[in-house]
Each structure stands twice: as structure tokens, then as C-alpha cells.
Amino acid sequence: MIRVLVVDDDFMVARLHSTLVEREPGFAVAGVAHSGAEALTAVRELAPDLVLLDIYLPDIPGLEVLRELRGGGAPEGGPDVLVVTAARDAGTVRGAQRGGAVQYIIKPFEGQLLQERLRQYAERRKELAALAAPGQDDVDRLFGGTGGAGGALGAGAAQGHGGGRTPASLPKGLTEQTAALVRDALDAGVEGEGVSASECAERSGLSRVSARRYLEHFVATGSARVTLRYGTTGRPERRYHREGRPPAPAHGPGAPGTERHGSA
């Protein structure tokens with residue numbers, strides 16, 4: 001049985017999350033906390049396996065609670081943490097990833113999303129426990145869908161109700177949490193203008209090479225498209241757009257229209 005501590009300052013939301021946890025086979029609610037201080041105390045007293053952590057708490061910021069729970073001083077590294085919050089800015093997502101969160105769900109969301117993430121967590125936890133001397137293939141499988149610092153159990157997305165369907169599996173080397181940062185950077189672009197790989201890198205905090213790799217993956221899977229912006233000299237600039245937004249007018253004489261890859 002996986003014991004879960006639910007942390008949310010809203011009593012009704014905490015009750016709802018507790019109900020969703022109890023409905024999932026193999027999970028049980030160990031306790032509920034409504035502040036950062038209560039959460040830290042409850043972890044010491046109850047020793048849960050997993051914490052559902054809100055970021056907006058009345059006393060201690062959720063990211064600080066996360067760092068405390070996942071810090072080196074915590075017994076056996078502390079409990080795993082699944083962030084469930086309305087915070088959707090890139091800095092908070094990065095902080096959660098670097099702090100060791102195994103999952104990140106954005107409110108509001110459908111209940112089935114949390115239950116799906118709990119099942120994924122349980123599967124990864126079981127798989128990891130069964131490994132005695134993992135080979136590289138085992139390690140690749142465990143880390144392939146995770147956020148690196150988020151640990152071997154973080155196979156899910158930073159996704160909420162507004163994110164729509166659950167994304168398809170990413171290629172090895174790409175992580176869903178980082179993909180969420182790139183999606184946010186795409187959404188922040190001026191409608192019709194899109195973003196370049198350099199602009200996306202600046203907004204998401206990634207290197208240009210990493211940003212472009214994610215952008216090209218989105219194009220290949222049909223969730224983004226490319227237009228070419230022509231200047232007076234040099235190669236045309238690739239502009240990336242979230243699928244569904246109108247492309248920018250062509251720049252320069254003879255500029256072609258939208259370029260699509262892998263979506264035909």
C-alpha cells in the first residue's frame with residue numbers, strides 16, 4: 001500500500017484530492033495538511049511514501065517545502081513528491097523539476113488525470129524496486145520519460161485541464177517536464193508570429209540546441225508547424241507555431257507558406 005500525504009491550503013480541494021487517492025487501488029491517505037509547517041511535521045510523524053504538494057501555501061512556499069522534503073537530511077531521501085498546483089509559470093515548473101518532484105499537475109484538471117499519474121507512479125515504483133543490478137536498458141527505460149532531477153519515477157507531464165489530452169510518449173532524451181516549458185514558450189509567442197529556437201530558449205531557460213530539438217519534435221508529431229521568415233541576407237529563420245494558430249504573413253519576396261514535417 002502506498003501511503004499518501006495530501007497538502008493543500010483549501011480544505012475542499014484537499015478533501016477532493018483525498019477522495020481521488022482513496023479510489024485508486026493500492027493507495028491510502030496517510031494524512032492531510034493545510035500549510036507548509038503542517039506538511040513537514042506530518043512527514044516526520046507519518047512517514048508517507050508520496051506527498052501531493054500544492055505550491056501556494058499560507059506560510060512556507062511549496063518549493064521550499066519540496067526542497068526540505070527532498071533534501072539530503074531527509075531519511076532515505078524523504079518521500080516522493082507529486083506537485084498539484086495552479087502555478088503554471090516556467091520558473092516554478094523548473095524549480096519543481098530541480099527539486100526532485102516526480103510529477104507536476106496543473107489545476108484545474110480532471111480527476112482521471114491524477115489517478116492516471118498515481119498509477120504511473122505505482123508502476124515505476126514497482127519496477128524500480130524489482131531491479132537488483134539494472135543494465136543501461138533498464139536505466140534508459142526508467143529515465144526516458146522523466147525530468148532528470150525529478151527522479152526515476154517522474155514519467156508524467158506538467159499538465160492540467162487546459163492541457164487537453166495526455167501527450168504521446170517522448171523519444172529518449174526528451175522529458176515531458178521540459179517539453180511543458182517549451183510548450184509554454186510557444187504559447188507565449190505573439191499570435192501569428194510564432195517563436196524562433198533562440199527566443200524559445202531564452203523564455204524557457206534551455207540552450208538553443210535543446211529548445212530546437214523539442215520544437216522539431218513537436219513539428220514532427222503535428223502539434224506545431226514551421227514557417228520561414230526571409231531576411232535580406234543569410235538563411236531564412238524558422239518560426240515555430242502551436243498547431244491551430246494562424247501563420248504569420250510571409251516575410252520577403254517569394255517567401256513560401258507554412259512548412260509541415262511528419263504530420264501529413
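- Note that the CG atom of L53 and the CG atom of L69 stand 7.0 Å from one another [nearest 0.5 Å].
- Using cut-offs of 30° and 60° on the angle between ring planes, the pair F11 and H34 is parallel.
- Between the side chain of T41 and the backbone N or O of E38, no donor-acceptor pair lies under 3.5 Å.
- Between Y240 and H217, the ring center distance fails the sub-6.0 Å criterion.
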Report task. Walk me through it: do E123 and R119 pass the test salt bridge (charged side-chain N to carboxylate O under 4.0 Å, His left out)? Result -> CA-CA 6 Å; E123 290 168 3; R119 288 192 292 272; over 6 Å; no

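- If you take CD1 on I55 and CZ on R88, they are separated by 14.0 Å, rounding to the nearest 0.5 Å.
- Atom CG of L50 sits about 13.5 Å away from atom CZ of R117, to the nearest 0.5 Å.
- Under the rule for a side-chain contact (heavy atoms from CB on, under 4.5 Å), the partners of A42 that lie at least two apart in sequence or sit in another chain are L5, L46.
- In plain terms, the two heavy atoms of A30 and R3 that are nearest each other are CB-NH2, 3.6 Å.
- A pairwise comparison of heavy atoms in A185 and C200 identifies CB-SG, 3.7 Å as the closest pair.
- Across V93 and Q177, no two heavy atoms sit closer than the pair CG1-O, 4.2 Å.
- Annotation: the span from L174 atom CG to E216 atom CD amounts to 11.5 Å, rounded to 0.5 Å.
- In this structure, CG in L52 is found 9.5 Å from CG in D8, a value given to the nearest 0.5 Å.
- Proximity of a side-chain donor or acceptor of Y214 to a complementary backbone N or O of T175 within less than 3.5 Å is detected.
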Report task. Decide side chain to side chain contact (heavy atoms under 4.5 Å, CB included) for V81 and V102; before the verdict, give the C-alpha distance in whole Å, the side-chain angles of both, and the deciding distance to 0.1 Å. Result -> CA-CA 6 Å; V81 177; V102 297; over 6 Å; no

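- The distance from atom CE of M1 to atom CZ of F27, rounded to the nearest 0.5 Å, is 10.0 Å.
- A224 approaches L186 most closely through the heavy-atom pair CB-CD1, 4.4 Å.
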Query raised in the report: Step by step, would you call E24 with I2 a side chain to side chain contact (heavy atoms under 4.5 Å, CB included)?
Result: CA-CA 10 Å; E24 191 60 33; I2 298 174; over 6 Å; no

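- In this structure, E22 contributes its side chain and V29 its backbone to a donor-acceptor pair below 3.5 Å.
- The pair D187-R242 meets the salt-bridge criterion, since a charged nitrogen lies less than 4.0 angstrom from a carboxylate oxygen.
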Report task. Evaluate the side chain to side chain contact (heavy atoms under 4.5 Å, CB included) criterion for residues R212 and R238: first the C-alpha distance (whole Å), next the side-chain angles of each, then the deciding distance (0.1 Å), finally the verdict. Result -> CA-CA 10 Å; R212 177 159 183 170; R238 293 173 70 82; 3.2 Å; yes

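- Among all heavy-atom pairs drawn from L57 and S35, the shortest one is CD1-C, 4.2 Å.
- Judged by distance alone, the side chain of E199 and the main-chain N or O of S196 form a donor-acceptor pair under 3.5 Å.
- Between the side chain of D59 and the backbone N or O of G36, at least one donor-acceptor pair lies under 3.5 Å.
- Looking at heavy atoms from C-beta onward, L215 lies in side-chain contact with V182 at the 4.5 angstrom threshold.
- For the pair L114/I105, a side-chain contact is recorded, criterion being any heavy-atom separation below 4.5 Å from C-beta on.
- Residue V83 comes nearest to A96 through the heavy atom pair CG2-CB, 4.2 Å, listed as atom of the first residue, atom of the second, then distance.
- The shortest distance between side-chain heavy atoms of L40 and V43 does not fall below 4.5 Å.
- In the model, R125 has a side-chain atom that pairs as donor or acceptor with a side-chain atom of Y121 under 3.5 Å.
- Each of V13 and L113 belongs to its own hydrophobic cluster when Ile, Leu, Val, Met, Phe, Trp and Tyr are linked at side-chain heavy-atom distances under 4.5 angstrom.
- Distance alone, capped at 3.5 Å, is enough to place a donor-acceptor pair between the T19 side chain and the R15 backbone.
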Query raised in the report: Taking it one step at a time, do R70 and D80 satisfy salt bridge (charged side-chain N to carboxylate O under 4.0 Å, His left out)?
Result: CA-CA 8 Å; R70 298 296 301 162; D80 290 316; 3.8 Å; yes

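- With sequence neighbours excluded, the residues that form a side-chain hydrogen bond (donor to acceptor under 3.5 Å, both in side chains) with E237 are R239.
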Requested in this report: Apply side chain to side chain contact (heavy atoms under 4.5 Å, CB included) to D54 and V84, showing your working.
Outcome: CA-CA 5 Å; D54 189 12; V84 183; over 6 Å; no

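- Under 4.0 Å is where a charged nitrogen must lie from a carboxylate oxygen, and between R208 and E202 no such pair does.
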